[in-house]
Amino acid sequence: MGGRLTGKVALISGAASGLGAAEAALFAREGARVVIGDVQAEQGQAVADAIVRGGGQAAFITLDVTEAASWQAAVRFALSRFGALTTLVNNAGIFRMGGVMTTTQQSWSDVIAVNQTGPLLGMQAAAPALLAAKGAAIVNISSIYAVTPSPDAMAYHASKSALLMMSRAAALEFARQGIRVNTILPGRIDTPISGDIAPDQLAAVNRRIPMGWTGDPIDIAQGALYLASDDARYVTGAELIIDGGWYASAGSLIDPPEPAMAGSADGD
């Protein structure tokens with residue numbers, strides 16, 4: 001199976017569902033050998049099995065992104081199974097509601113552990129293998145909430161903003177060592193994490209999307225494909241916003257017009 005990622009071996013965290021599953025399937029279709037990492041073993045194995053049935057190469061390993069040893073085991077698995085590791089996608093993330101007065105210490109710690117510490121541990125574990133590879137890339141999945149505020153997602157904002165700056169710093173650290181590091185900032189995407197957000201907040205967010213509809217995981221996967229491929233060989237330290245125009249409208253005094261007809265996520 002050939003494509004834009006032929007010869008690549010990608011480790012994708014949080015790949016049992018949502019954005020990660022879409023990234024894994026697309027990467028495999030484009031020729032990558034993919035390691036599916038997630039704490040959801042049954043779902044993760046199903047994603048890997050579906051890729052193999054479709055003619056791709058994939059394998060699942062249980063990955064707890066909050067544990068350094070789990071990351072190290074995942075990297076060893078990639079090396080033993082596929083002989084290399086060229087690509088890391090830090091995709092795993094969680095969301096917890098809460099503002100200044102309502103965020104508990106536990107929910108804060110949980111979000112920071114997965115969304116901020118997890119990518120750091122992943123980059124640390126993967127770096128030796130990536131340094132030994134040709135055309136290595138790290139893609140960190142942040143959020144439009146890294147650059148736009150809301151009153152009730154304090155921990156999520158903090159973690160995703162931190163990941164943005166971590167990515168820039170890592171890009172500079174590895175710029176002359178053969179590893180590119182870039183970030184994607186998704187807007188409102190239809191994924192399981194949306195179930196953790198209050199319906200009234202989701203409705204308010206959807207009203208603010210200038211394009212008039214919610215994105216699909218494949219929209220983010222396509223961006224990750226570009227950043228992971230050699231097409232982006234001169235791109236590092238960059239942020240790719242994929243949000244239907246949300247960020248462009250931030251601060252506007254005029255609400256986006258109601259769309260004449262809301263399109264689907266794939267433009268049909």
Margin query: A side-chain contact here means heavy atoms from C-beta on lying under 4.5 Å apart; do Phe27 and Ile12 qualify?
Written below: yes
Next item on the list: Using atom types as modelled and distance alone, determine if a side-chain donor or acceptor of Thr183 lies under 3.5 Å from a backbone N or O of Ser142.
Entry: no
Next item on the list: Side-chain contact test, heavy atoms from C-beta onward, threshold under 4.5 Å: evaluate it for Ile141 versus Glu23 and give yes or no.
Entry: yes
Note to self: Tell me if a side-chain donor or acceptor on Lys160 pairs with a main-chain N or O of Ala155 at a distance below 3.5 Å.
What the structure shows: no
Checklist line | Spacing of Gln43 atom CD and Ile36 atom CD1 [to the nearest 0.5 Å] | finding: 12.0 Å
Check: Asn182 side chain to Ala238 main-chain N or O, any donor-acceptor pair under 3.5 Å?
Finding: yes
Margin query: Angle between ring planes, Trp246 versus Tyr145, binned at 30° and 60°: parallel, tilted or perpendicular?
Written below: perpendicular
Item checked: Taking every non-hydrogen atom, the tightest pair across Thr6 and Gly3 -> OG1-N, 2.8 Å
Item checked: Rounded distance [0.5 Å steps], CD1 in Ile220 versus CG in Leu26 -> 12.0 Å
Note to self: Between Asn140 and Ser167, does the side-chain hydrogen bond (donor to acceptor under 3.5 Å, both in side chains) criterion hold? Intermediate values first, please.
What the structure shows: CA-CA 7 Å; Asn140 290 326; Ser167 299; 2.8 Å; yes
Next item on the list: Tell me whether Leu63 is reachable from Leu120 by hopping between hydrophobic residues (I, L, V, M, F, W, Y) whose side-chain heavy atoms are closer than 4.5 Å.
Entry: yes
Checklist line | Pairing residues for Glu239 by the salt bridge (Lys or Arg N to Asp or Glu O under 4.0 Å) criterion, not counting sequence neighbours | finding: Arg168
Margin query: Within the 4.5 Å heavy-atom criterion, are Ile138 and Met123 side-chain neighbours or not?
Written below: yes
Check: Is a side-chain donor or acceptor of Ser107 paired with a backbone partner of Thr104 at a separation under 3.5 angstrom?
Finding: yes
Item checked: Working for side chain to side chain contact (heavy atoms under 4.5 Å, CB included), residues Lys8 and Arg33 -> CA-CA 6 Å; Lys8 306 290 188 185; Arg33 291 162 287 172; over 6 Å; no
Check: Heavy atoms, side chains only, cut-off 4.5 Å: are Ser150 and Asp152 in contact?
Finding: yes
Check: Val35, Val39: one ILVMFWY side-chain cluster at the under-4.5 Å cut-off?
Finding: no
Item checked: Distance-minimising heavy-atom pair for Ala92 and Val65 -> CB-CG1, 3.9 Å
Next item on the list: Please report the closest heavy-atom contact between Leu130 and Ala136, naming both atoms and the distance.
Entry: O-CB, 3.4 Å
Note to self: Under the rule for ring pair (Phe, Tyr, Trp, His ring centres under 6.0 Å), what residues qualify as partners of Phe174, not counting sequence neighbours?
What the structure shows: none
Next item on the list: List, by chain and number, the other hydrophobic cluster members for Met154, where Ile, Leu, Val, Met, Phe, Trp and Tyr join if side-chain heavy atoms come within less than 4.5 Å, directly or indirectly.
Entry: Val100, Met101, Trp108, Ile112
Margin query: Measuring only between side-chain heavy atoms, which start at C-beta, is Leu164 closer than 4.5 Å to Leu185?
Written below: yes
Next item on the list: Working to the nearest 0.5 Å, report the span between OG1 of Thr62 and CD of Glu67.
Entry: 13.0 Å
Checklist line | Pair Ser159, Asn115: side-chain N/O donor-acceptor within cut-off below 3.5 Å | finding: yes
Notebook entry, point to check: Counting only heavy atoms not in Gln177, do more than 12 sit closer than 6.0 Å to its CD atom?
Noted result: yes
Notebook entry, point to check: What heavy-atom pair brings Leu121 and Trp71 nearest, and what distance separates the two atoms?
Noted result: CB-CD1, 3.5 Å
Next item on the list: Mind checking side chain to side chain contact (heavy atoms under 4.5 Å, CB included) for Ala25 and listing every partner two or more places apart, or none if nothing turns up?
Entry: Arg29
Notebook entry, point to check: Which distance, rounded to the nearest 0.5 Å, do you find between the CG of Asp190 and the CD1 of Ile218?
Noted result: 13.5 Å
Next item on the list: Compare every heavy atom of Ala16 with every heavy atom of Ala21, then report the nearest pair and how far apart it is.
Entry: CB-C, 4.1 Å
Next item on the list: Output the distance between atom CD1 (Ile184) and atom CG (Asp243), rounded to the nearest 0.5 Å.
Entry: 12.5 Å
Note to self: So Leu5 and Leu225, do their side chains get closer than 4.5 Å, heavy atoms only?
What the structure shows: yes
Margin query: Applying side chain to side chain contact (heavy atoms under 4.5 Å, CB included), can you list everything that pairs with Arg53, at least two apart in sequence or on another chain?
Written below: Asp49, Ala50
Note to self: I'd like to know if the side chain of Thr87 reaches the main chain of Ala10, judged simply by a donor and an acceptor atom lying under 3.5 Å from each other, with no hydrogens or angles considered.
What the structure shows: no
Notebook entry, point to check: Is there a donor-acceptor contact under 3.5 Å from the side chain of Ser70 to the main chain of Asp64?
Noted result: yes
Checklist line | Residue pair Val114 / Thr66, side-chain heavy-atom distance below 4.5 Å | finding: yes
Notebook entry, point to check: Is a donor on one side and an acceptor on the other found under 3.5 Å between the side chain of Arg180 and the backbone of Val235?
Noted result: yes
Notebook entry, point to check: Are Arg4 and Asp230 ion-paired here, with the side-chain N under 4.0 Å from a carboxylate O?
Noted result: no
Can you give the donor-acceptor pairs under 3.5 Å from side chains of residues 72-82 to other protein atoms, not counting sequence neighbours?
{"from": "Ser80", "atom 1": "OG", "to": "Arg76", "atom 2": "O", "distance (Å)": "3.2"}
{"from": "Ser80", "atom 1": "OG", "to": "Phe77", "atom 2": "O", "distance (Å)": "3.0"}

Item checked: Residue pair Pro210 / Gly244: nearest heavy atoms and the distance that separates them -> CD-O, 3.4 Å
Margin query: In the structure I gave you, are the side-chain heavy atoms of Ile144 and Pro186 within less than 4.5 Å of one another anywhere?
Written below: no
Notebook entry, point to check: Going from CD on Gln105 to CG on Asp110, what distance comes out if it is rounded to the nearest 0.5 angstrom?
Noted result: 10.5 Å
Item checked: ILVMFWY network linking Leu88 to Leu131, side-chain heavy atoms under 4.5 angstrom -> yes
